[in-house]
Amino acid sequence: MTTTKNYDVKDAKLAEAGRRRIEWAAREMPVVKLISERFSREKPLAGIRIAACLHITTETANLALALKEGGADVILCASNPLSTQDDAAAALVEYGIPTNAIKGEDQKTYYKHINTALDQEPQITVDDGADLVTTLHTERSDLIGNVIGGTEETTTGVIRLRSLVKSGGLKYPIIAVNDAQTKYLFDNRYGTGQSTIDGITRATNILWAGRKVVICGYGWCGHGIALRAKGLGAQVIITEVEPVRALEAVMDGYQVMPLMEAARIGDVFITIAGNKNVIDEAHFQVMKDGAILANSGHFNVEINIPALESMSTNKQEARPFVEGYTLKDGKRLYLLGEGRLINLAAAEGHPANVMDMSFANQALCMEYIVKNRGKLKPKVYPVPEEIDKQIARLKLESIGVDIDTLTPEQKRYLSSWQEGT
Ligand SMILES: NC(=O)c1ccc[n+]([C@@H]2O[C@H](COP(=O)([O-])OP(=O)(O)OC[C@H]3O[C@@H](n4cnc5c(N)ncnc54)[C@H](O)[C@@H]3O)[C@@H](O)[C@H]2O)c1
């Protein structure tokens, strides 16, 4: 294990501000708090080395503190170069959790930070987008023997891992936290929905009412963004490649059309497809002067930025996180947050209240991995149903909502086939 400095943050003096914001987020994370209190008594992660590659935010700080309470030795690095909250990172170091993340870091520093986390020789990996796991499986494969298991936070990461499994390359079990109902139904839908609109609003201060907002991808995140944009009075247009989701968007009351058509009429474009070059050269060519382009999908590949660069004669910052590209015909297109997930680049990411459930899943899945050490195979596992249900129950309890239970008669009815018409 490394003995050299194992953290790198922008400014240690930001720690006090970070600590106050971490405490504020904690107020909205009652389920993580309950888990943290139990972890503190039971120490289920005693001595376990965890390397976590996550967005370094106040919510992630609360997860890391809970894991530390559980006895783990945690090291953090950023899962995106532009999503770090520098004050939270500084506070984490003060809390004794080595953190490697600086907002705006370049590609080289981003991977240097991932490698510093791997120097810890983790037994559990926590990833958001699978960059840590990919680095471990390629450049640092000598360390894989130490690893008991891992977790993955987001859709794009789970897709990458499934493809790694298909090619026979995954070397240890990983739990797809993203696929828990208490994750995607709330984090992807309500978290991304609200915070994407928040990020674009903070970056541009636009009025949403009356705007034609084109949302590319009607998955769980797309559902949330569309719902919130509609709520603010926007005219929402959905583009999709998957027929059932496109049909769902039609029945949900949105206009659905190919992007080539939507490109001509949209005022604001938001990619949330988890795919490459969703908005491409041909679309830029027909867009209106002044169109705004934002991405909230995991990687900055959804808008073809190299094509936009090569079509432009000039690039100028209009305001922080807003870059105006002048095209050869004189028209200007505005790209937000370098095409990186705008909710974390220009706002604060998801509200703590939804991250409470996502990170409760993370914490309980790590406990599950330790308990089942040696029993799991190198594949992508779903979150165990009892963990998902337990989190839903705890969340309901924390907001004071009680629900009904099945009567013995109803239980019998639901498990029998004899009773019919
Ligand atoms: N910004 C955030 O904080 C945040 C949070 C959660 C997830 N994510 C990321 O957002 C992305 C979407 O996540 P999700 O959970 O909604 O995924 P999802 O798989 O549920 O939905 C993606 C949708 O995009 C569609 N799609 C794919 N290619 C397309 C194309 N070329 N044009 C139009 N539609 C296309 C798919 O058919 C699918 O319906 C992923 O990259 C995920 O990792 C970001």
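Remember, it's 1-based here, ligands and their atoms both numbered in the order they're listed. The chain is numbered in sequence order, starting from 1.
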- Is the CG atom of Asp106 crowded by more than 12 outside heavy atoms at less than 6.0 Å? yes
- Query: Are the side chain of Thr134 and the backbone of Ala130 linked by a donor-acceptor contact shorter than 3.5 Å?
  - Reply: yes
- Query: Does a donor on one side chain sit under 3.5 Å from an acceptor on the other, for His298 and Thr154?
  - Reply: no
- Task: Could you pull out, from Ala273, Gly193, Gly191, the option with a heavy atom nearest to atom 24 (O) of ligand 1?
- Result: Ala273
- Message: Considering Ile272, Val354, Leu344, Thr156 one by one, which has a heavy atom nearer to atom 12 (C) of ligand 1 than any of the others?
- Response: Ile272
- Item | For ligand 1, the portion of Asn275 having any non-hydrogen atom under 4.0 Å away | side chain
- Note: heavy atom closest to atom 19 (O) of ligand 1, options Ile225, Thr155, Thr154, belongs to Thr155
- Shortest protein heavy-atom distance from atom 5 (C) of ligand 1, along with the residue and atom involved: Thr192 OG1, 3.2 Å
- Message: What protein heavy atom lies closest to atom 21 (O) of ligand 1? Include the residue and the distance to one decimal.
- Response: Gly219 CA, 3.1 Å
- Item | Closest protein heavy atom (residue, atom, distance) for atom 3 (O) of ligand 1 | Asn343 ND2, 2.8 Å
- Could you check atom 44 (C) of ligand 1 against the protein and tell me its nearest heavy-atom contact, residue, atom and distance included? Ser296 O, 3.3 Å
- Who's closest to atom 36 (C) of ligand 1 heavy-atom-wise, of Glu242, Glu240, His298? Glu240
- Please collect all ring pair (Phe, Tyr, Trp, His ring centres under 6.0 Å) contacts where either partner lies in residues 71-109, sequence neighbours excluded, each pair once. none
- Query: Which of the numbered atoms in ligand 1 are below 4.0 angstrom from a heavy atom of Arg245?
  - Reply: 18 (P), 19 (O), 20 (O), 21 (O), 38 (C), 39 (O)
- Task: If you have a sec, work out which protein heavy atom is nearest atom 6 (C) of ligand 1 and how many Å separate them, to one decimal?
- Result: Cys221 SG, 3.6 Å
- Those residues that, when tested against Tyr254, pass ring pair (Phe, Tyr, Trp, His ring centres under 6.0 Å) (two or more places apart): Tyr218
